[in-house]
S.K.: 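Can you read through this structure? Questions will come right after.
Each chain gets a letter, A, B and so on, in the order the sequences are listed, and its residues count up from 1.
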Number of protein chains: 2
Amino acid sequence: MALRYALLGLLAKNEATGYELTQQFKETVIHFWTAHHTQIYRELLKMEEEGLTHSKTVQQSDYPDKKIYTITDKGFAQLLEWMLNKPVNVPKLKDDLLLRVSMFHFIPTERAIDFLEKSKEHHQMGLMMTKKWQEENFPKGTYGENELGEYLTSEFGIRYMESWLSWCNWAIKVLKKKGES
Amino acid sequence: MALRYALLGLLAKNEATGYELTQQFKETVIHFWTAHHTQIYRELLKMEEEGLTHSKTVQQSDYPDKKIYTITDKGFAQLLEWMLNKPVNVPKLKDDLLLRVSMFHFIPTERAIDFLEKSKEHHQMGLMMTKKWQEENFPKGTYGENELGEYLTSEFGIRYMESWLSWCNWAIKVLKKKGES
DNA sequence: TGAGTCATGTAAGTTGTTACATGATTAC
DNA sequence: GTAATCATGTAACAACTTACATGACTCA
């Protein structure tokens, strides 16, 4: 059900196509949720059936037709009802790299360090991109009326990646000390 | 497939029952993976069919029978093959609270702060428990030969929760400043 | 010449969740 | 008496992933 509310939340700010929603997931929602485009299209269909959204198809000359979704009053009401009255579920993390880390004692130390270096690169890139995005969208910490949430979660993303990087450095140190002995 | 390797990794350290594996998930694996007991039992059955594990049933007088699983050579070989040669998947996060945070502009500021205070409590508790667990299992940063992974991931858990708490405090400040104006 | 963007989806398969079931024992 | 622990599972359903499909256009 949560994917549905993530989509309603985005639509409550701006009308959008399934494609655009998928892009927004990659840009901003990625800090706390993941979804494939196939999932998004399916959920949009279901929501329209239930009257939470409304769509109009727009013909385009050069590009394929697109379907623009808007949120309905019923959709917005249900979004608020969820936000205010539904219990908060526990977070669910699935991290493939950390799973490997938990078994580092089975592989050579150099190989383990390799994994961590790759992960550092990955998070360094993510950190740079998110920082740039935040500076462009919220210069000097200023945010628009309906942007508060995005501002807060983007800051979470930055801190999360910084904390990842610092942990990576710490773990590499531990492994190097172990390699010496 | 990753759940399978998480289980093989635990079994490579010690034989265990499905119940014990579920407990270990709650204690240590929780920092990077989640799974219900129903999923764990199902995966254990599949793994035995494929010869990756082997089980023996032990009768108990007072408690129900239990099935103790051990990893086979084939299982260990497959675990190493995965660790060393399979690409690392991107992490997947589903955080219900952050999803709500992303829509904080729709609800009253006091209510939003409330959510963050609850989350602080939750992470504070988790932090304390993990710290205590780490001190008991790795006093002064000393770890056994096959405990390296657990040591590294428990430290990740601690840093993760600390970073959560500091973000919560920051976000509450932002909201209070907004409430004043 | 191949990769990427725009734009939407179907179908099949794998995971993950929820509710239910058993039944004795121990702790508050 | 109510809940929790020990220990294992089935069944039904919901969510998620992967592979495939279309087809014009742009950029290196």
S.K.: May I have the distance from B:Y41 (atom OH) to D:dC6 (atom P), rounded to whole angstrom?
M.R.: 11 Å
S.K.: Within residues 79-96 of chain A, find the residues that approach DNA chain C with a heavy atom at under 4.0 Å, and present them sorted by residue number.
M.R.: A:K92, A:K94
S.K.: Under 4.0 Å from a heavy atom of chain A: give me the 5'-most and 3'-most nucleotides of DNA chain C that qualify.
M.R.: C:dT5 to C:dT17
S.K.: Ignoring hydrogens and geometry, is there a side-chain-to-backbone donor-acceptor pair from A:E147 to A:G144 under 3.5 Å?
M.R.: yes
S.K.: Assign each of B:H36 and A:E20 to its nearest nucleotide of DNA chain C by heavy atoms, then name whichever residue's nucleotide is nearer the 5' end.
M.R.: A:E20
S.K.: With a non-hydrogen cut-off below 4.0 angstrom, is B:T34 in contact with a base, only sugar-phosphate, or nothing?
M.R.: nothing
S.K.: Identify, with sequence neighbours excluded, every residue that meets side chain to side chain contact (heavy atoms under 4.5 Å, CB included) alongside B:E117.
M.R.: B:I113, B:K120, B:I172
S.K.: Under a plain distance cut-off of 3.5 Å, with no hydrogens placed, do A:T109 and A:K178 share a side-chain donor-acceptor pair?
M.R.: yes
S.K.: Between B:T72 (side chain) and B:L52 (backbone), is there a donor-acceptor pair under 3.5 Å?
M.R.: yes
S.K.: Whole-Å distance between D:dA7 P and B:I68 CD1?
M.R.: 9 Å
S.K.: Just how far, in rounded Å, is C1' of D:dA7 from CD of B:Q24?
M.R.: 15 Å
S.K.: Could you pick out which residue, B:G18 or A:A2, lies toward the 5' side of DNA chain D when each is mapped onto its nearest nucleotide?
M.R.: B:G18
S.K.: Figure out the CG/C1' separation between B:L99 and D:dA15, and round it to whole Å.
M.R.: 15 Å
S.K.: Between D:dA15 and A:Q39, is there an OP1 or OP2 to side-chain N/O distance shorter than 4.0 Å?
M.R.: no
S.K.: Within 45 degrees of the axis of the six-membered ring of B:W164 and under 6.0 Å from its centre: does A:R159 put its NZ or CZ there?
M.R.: no
S.K.: Verify the distance criterion only: is there a donor paired with an acceptor across the side chains of A:T53 and A:E48 at less than 3.5 Å?
M.R.: no
S.K.: Nearest whole Å is fine: how far is D:dT17 C1' from A:F25 CZ?
M.R.: 15 Å
S.K.: For A:W167 and B:L152, indicate whether the former's side chain and the latter's backbone hold a donor-acceptor pair under 3.5 Å.
M.R.: yes
S.K.: Judged by each residue's nearest nucleotide on DNA chain D, which is more toward the 5′ side, B:Q23 or A:W33?
M.R.: B:Q23
S.K.: Assert yes or no for the condition that the ring centre distance of B:W33 to B:Y5 is strictly below 6.0 Å.
M.R.: no
S.K.: Round to the nearest Å and state the distance from A:H37 atom NE2 to D:dC16 atom P.
M.R.: 15 Å
S.K.: Spell out, as yes or no, whether a donor-acceptor pair under 3.5 Å connects the side chain of A:T142 to the backbone of A:F138.
M.R.: no
